[in-house]
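Here is the structure we will look at, set down as C-alpha cells.
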Amino acid sequence: MTNYPLLINLIIALSYALPILIAVAFLTPVEHKILSYIQGRKGPNIVGPFGFLQPLADGVKLFTKESIRPSTSSPVLFIATPTLTLRLAISI
C-alpha cells in the first residue's frame with residue numbers, strides 16, 4: 001500500500017490506545033470522588049486544584065511502596081507469572 005508500514009501501524013496502535021488513556025485520565029478524579037464519599041475520606045477536590053494532583057499522588061505512592069517478595073518462592077516464577085498473564089490478556 002505505502003512505503004511506511006511501521007508508521008501506519010504506530011498510528012493505528014495510538015488510535016486505539018490514546019482514547020483509553022484519555023478516558024482513564026478523566027475518570028480517575030471521578031472514581032476518587034465517589035470512593036471518598038463512600039469511605040468518608042478527603043476527596044480529590046481537596047487534593048490540588050480540581051483534583052488534578054490526585055493521580056500524581058497515587059502514582060508516587062504506588063512507586064514508593066515497598067516491594068514484597070516471598071522468601072521461599074522462586075524469584076523467576078514470581079516475576080514471570082504475572083508478566084505472562086498480562087501478555088496473554090493483551091494478546092487476546
For this session: Each residue besides L10 in its hydrophobic cluster should be listed here, by chain and number; the cluster joins Ile, Leu, Val, Met, Phe, Trp and Tyr at side-chain heavy-atom distances under 4.5 Å.
Result: L14
Exercise. Are L84 and L88 close enough, and set up right, to give a side chain to side chain contact (heavy atoms under 4.5 Å, CB included), and what steps lead you there?
Worked result: CA-CA 6 Å; L84 291 173; L88 178 64; over 6 Å; no
Seminar exercise, completed: To the nearest 0.5 Å, atom OG1 of T81 lies from atom CG of L86 at 12.5 Å
Exercise. Which distance, rounded to the nearest 0.5 Å, do you find between the CG of L77 and the OG1 of T83?
Worked result: 11.0 Å
For this session: Quick one: list whatever passes side chain to side chain contact (heavy atoms under 4.5 Å, CB included) with L6, sequence neighbours left out.
Result: none
For this session: Give a yes or no on whether Y16 and I8 share a hydrophobic cluster (residues Ile, Leu, Val, Met, Phe, Trp, Tyr; joining criterion: side-chain heavy atoms under 4.5 Å apart).
Result: yes
For this session: Give the cluster check for L27 versus L18: same hydrophobic cluster or not, with ILVMFWY residues linked at side-chain heavy-atom distances below 4.5 Å.
Result: no
Exercise. If Ile, Leu, Val, Met, Phe, Trp and Tyr residues are connected whenever their side-chain heavy atoms lie under 4.5 Å apart, and connections chain through other members, are V30 and I38 in the same group?
Worked result: yes
Problem set entry | Side-chain cluster (under 4.5 Å, hydrophobic types only) that I79 belongs to, other residues | F78
